*Asks:* 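After the structure tokens below, expect a handful of questions from me.
If you're wondering where the values come from, they're calculated on a predicted model, not measured in any experiment. The sequence lines fix the lettering, A, B, ..., with proteins before strands; numbering per chain opens at 1.
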Amino acid sequence: MLDIHMFRDNQAQIRADHDKRGISHDKIDEVLKYDKMWLNLQHDTNQLRQKKNIAARGISEAKKSGDEAKAQAILAEVASLGAEISRLEAETQAAKEQRDTIRMSIPNILHPDVPEGDDESGNTVHSVYGEKPEFDFEPRTHNELIEMNKWVDLKRAAKIVGSRFFFLKGDLARLELALQNYAVDFIGNRGYTFVQPPVMMNRQAYEGVTDLGDFETVMYGIEPDKYYMIATSEHPLTAMYMGETIPEDQLPLRIVGVSPCFRREVGSHGQSDLGIWRVHQFTKIEQIVIAKPDDSWSIHEELLKNCVDLWNELGLHYEVVNICTGDMGTVAAKKYDLEAWLPGAGQYKEIVSCSNCTDYQANRLQIKYGQPGHANQPIVHTLNSTAVATSRALVAIIEQNQLADGRVKIPEVLVPLMGGQTILEPCQWG
RNA sequence: GCAGAGAUCGCAUAGCCCGGUAGUGCGGUGGACUUGAAAUCCACUGUCGUAAGACGCGGGGGUUCGAAUCCCUCUCUCUGCGCCA
């Protein structure tokens with residue numbers, strides 16, 4: 001959410017940004033309209049409150065001096081003021097709510113380097129790593145590989161929960177665990193503190209870190225407790241400091257988190273989403289940084305560097321893409337994606353997303369930094385980046401490292417974590 | 001899950017029984033004094049608002065002319081009991 005003062009004092013910047021994104025200014029105008037309405041209503045309400053407060057003070061005086069008639073007259077006046085105030089209070093509240101509901105849907109201000117474009121076709125390639133693997137056989141899709149090796153049981157998962165859930169079995173499940181350990185240690189060795197967050201959050205905290213629309217399409221709600229299953233550890237790890245002022249010398253706060261992620265994936269269908277590419281539950285190792293505004297852009301590059309180094313170690317071929325205006329979404333000011341080459345599918349697909357959210361989340365969460373004992377402290381910047389989403393990493397690994405017989409070569413850095421094993425063997429049953 | 005005790009302006013603490021402008025200490029900011037610093041003294045130090053002013057005592061609601069204070073409710077913390085990986 002953008003600071004309301006930005007609308008009042010610097011609306012030209014918001015308008016210029018909307019032009020870049022190619023969206024209309026209607027919402028900006030509405031925010032300004034309701035803000036003005038709210039300011040006026042607040043002023044009127046305050047005037048009446050003042051009148052009432054002054055009058056009410058006369059009651060005890062009148063009673064003390066024994067002037068019962070005067071006391072009754074004041075009581076009547078105060079009562080009618082009270083009714084009028086209640087009415088105005090309701091209007092004031094309504095105007096503010098309207099203003100903020102619209103304001104929350106207005107996207108973050110983009111970084112100047114974000115390329116302009118209408119959709120994902122406008123994304124630009126930032127850099128390319130590794131070699132596109134060559135095969136002397138027809139490479140299989142990950143879906144075929146998990147099927148023939150019995151590494152994943154989607155059917156029985158569908159039986160006990162629903163579609164897009166899965167049992168992960170045998171060597172592929174072991175590789176998943178190795179990836180978790182590998183990624184946590186890799187990022188941890190760069191000064192990031194390992195944190196395991198809760199996997200449910202309450203509504204209030206959740207509204208601070210996501211689009212309101214996500215409650216309908218992304219998150220699972222838990223009844224009767226009114227909790228939400230987290231869609232990524234970014235959410236609890238960013239909301240963790242909600243409403244707090246972090247001592248300046250503790251910043252930047254670098255965190256590497258691991259959690260299961262739960263996503264409803266409403267409305268997603270199609271060939272490209274088969275297998276375990278797009279699922280309702282997966283595990284993700286995430287980098288989170290809470291930083292001072294001056295540091296956030298260099299830390300954004302640091303997060304990307306961590307990803308690049310990690311994925312290079314895994315020996316995979318992928319591109320880094322600079323996401324364009326039309327493909328950005330509301331929260332990030334700038335976003336890099338890593339897109340791995342999937343030889344079975346014959347295309348590059350997203351495996352990592354690395355965002356600087358600047359003060360957009362922190363404004364709503366009211367996370368500030370500074371010296372303890374100070375009022376009116378500045379807002380922090382928040383950044384997040386996938387390190388490894390294990391299900392998608394598994395897809396990239398098995399497609400790029402597949403052998404003619406359908407088995408898979410294990411990336412060298414993971415061999416020690418697999419007890420020296422170098423090839424993923426099929427599961428014996430299923 | 002049950003019973004009891006709690007939540008007050010960054011931190012600590014008073015006020016609550018018995019309703020009437022939220023006080024004090026620490027921390028912070030500015031100033032005075034000082035060559036400089038410490039110490040000391042003075043002012044300011046929650047939120048919204050250009051301001052006037054309003055609002056603010058964990059959240060929400062109620063009673064009342066008026067609520068930190070009385071009532072209801074929710075959340076969280078502590079203590080004890082119960083249950084339990």
*Asks:* If you measure from the C1' atom in B/G27 to the same atom in B/G46, how many Å do you get, rounded?
*Replies:* 15 Å
*Asks:* Between C1' on B/C55 and CD on A/Q50, what's the gap in Å once rounded to a whole number?
*Replies:* 13 Å
*Asks:* Within residues 35-43 of chain A, which residues have any heavy atom lying less than 4.0 Å from an atom of RNA chain B?
*Replies:* A/W38, A/L39, A/Q42, A/H43
*Asks:* Nearest of B/A52, B/G49, B/G66 to any side-chain atom of A/N46?
*Replies:* B/A52
*Asks:* From NZ of A/K226 over to C1' of B/G59, roughly how many Å is that when rounded to an integer?
*Replies:* 17 Å
*Asks:* P atom, B/G61 versus B/A43: distance in rounded Å?
*Replies:* 38 Å
*Asks:* Could you measure between the two C1' atoms, the one in B/G80 and the one in B/C74, and give it in whole Å?
*Replies:* 24 Å
*Asks:* Taking A/H280 for the side chain and A/C261 for the main chain, is one N or O donor matched with an acceptor at less than 3.5 Å?
*Replies:* no
*Asks:* Say you pick atom P in B/G15 and the same atom in B/U69; how far apart are they, in whole Å?
*Replies:* 15 Å
*Asks:* Just checking, A/K169 and A/W429: is the charged tip under 6.0 Å from the six-membered ring centre and within 45° of the axis?
*Replies:* yes
*Asks:* If I pick the P atom on B/U8 and the same atom on B/G60, what distance separates them, to the nearest angstrom?
*Replies:* 16 Å
*Asks:* How long is the span from the CD atom in A/E234 to the OG atom in A/S259, to the nearest 0.5 Å?
*Replies:* 10.5 Å
*Asks:* Between B/G20 and B/A32, how far is it from one P atom to the other, in whole Å?
*Replies:* 41 Å
*Asks:* If only side-chain N and O atoms of A/K52 are considered, is one of them under 4.0 Å from the OP1 or OP2 phosphate oxygen of B/G66?
*Replies:* yes
*Asks:* What's the verdict on ring pair (Phe, Tyr, Trp, His ring centres under 6.0 Å) for A/H235 and A/Y228, showing C-alpha distance, side-chain angles and the deciding distance?
*Replies:* CA-CA 11 Å; A/H235 295 156; A/Y228 293 86; over 10 Å; no
*Asks:* Roughly how far apart, to the nearest Å, are B/G56 and B/A12 at atom P?
*Replies:* 23 Å
*Asks:* Whole angstrom is fine here: how far is it from CE in A/M242 over to C1' in B/U75?
*Replies:* 12 Å
*Asks:* Do A/R392 side-chain atoms and A/E350 backbone N/O form a donor-acceptor pair below 3.5 Å?
*Replies:* yes
*Asks:* Quick check on B/G49: is either OP1 or OP2 less than 4.0 Å from any side-chain nitrogen or oxygen of A/H5?
*Replies:* yes
*Asks:* Between B/C76 and B/C83, how far is it from one P atom to the other, in whole Å?
*Replies:* 23 Å
*Asks:* Taking atom P of B/C74 as reference, at what distance in whole Å does atom OH of A/Y227 sit?
*Replies:* 14 Å
*Asks:* Can you tell me whether the side chain of A/Q47 and the base of B/A52 have a donor-acceptor pair closer than 3.5 Å?
*Replies:* yes
*Asks:* I need the CZ-P distance between A/R49 and B/C48, as an integer number of Å.
*Replies:* 16 Å
*Asks:* Looking across every strand, which nucleic acid part, if any, lies under 4.0 Å from A/N202 by heavy atom: base, sugar-phosphate, or nothing?
*Replies:* nothing
*Asks:* Just do the side chain to side chain contact (heavy atoms under 4.5 Å, CB included) check on A/Y336 and A/E301 with the steps written out, would you?
*Replies:* CA-CA 9 Å; A/Y336 296 118; A/E301 297 300 320; 2.7 Å; yes
*Asks:* List the steps and the verdict of salt bridge (charged side-chain N to carboxylate O under 4.0 Å, His left out) for A/R278 and A/E265.
*Replies:* CA-CA 8 Å; A/R278 186 182 298 281; A/E265 303 290 359; 3.3 Å; yes
*Asks:* I want to verify a distance call: between B/A54, B/C65, B/G49, whose nearest atom is closest to the A/R8 side chain?
*Replies:* B/G49
*Asks:* Pick out which of A/I285, A/V258, A/L175 makes a side-chain contact (heavy atoms from CB on, under 4.5 Å) with A/T390.
*Replies:* A/I285
*Asks:* When you look at CD of A/E412, are more than 12 heavy atoms from neighbouring residues, nucleotides or ligands closer to it than 6.0 Å?
*Replies:* no
*Asks:* Among A/V380, A/L383, A/V289, A/I290, which residue meets the side-chain contact (heavy atoms from CB on, under 4.5 Å) test with A/P252?
*Replies:* A/V289
*Asks:* Stems in RNA chain B: runs of 3 or more consecutive Watson-Crick or G-U pairs, distances under 3.5 Å?
*Replies:* B:1-7 with B:75-81, B:10-13 with B:23-26, B:27-32 with B:40-45, B:46-48 with B:53-55, B:58-62 with B:70-74
*Asks:* So which pairs with a foot in residues 72-113 of chain A pass ring pair (Phe, Tyr, Trp, His ring centres under 6.0 Å), sequence neighbours left out?
*Replies:* A/H111-A/W297
*Asks:* Rounding to an integer number of Å, can you tell me how far A/E77 CD sits from B/C65 C1'?
*Replies:* 11 Å
*Asks:* Take the protein atom CG of A/L81 and the nucleotide atom P of B/G66, then report the distance between them rounded to whole Å.
*Replies:* 11 Å
*Asks:* In this structure, how many angstroms lie between the C1' atom of B/A52 and the CG atom of A/D44, rounded?
*Replies:* 13 Å
*Asks:* Judged by each residue's nearest nucleotide on RNA chain B, which is more toward the 5′ side, A/K368 or A/N53?
*Replies:* A/K368
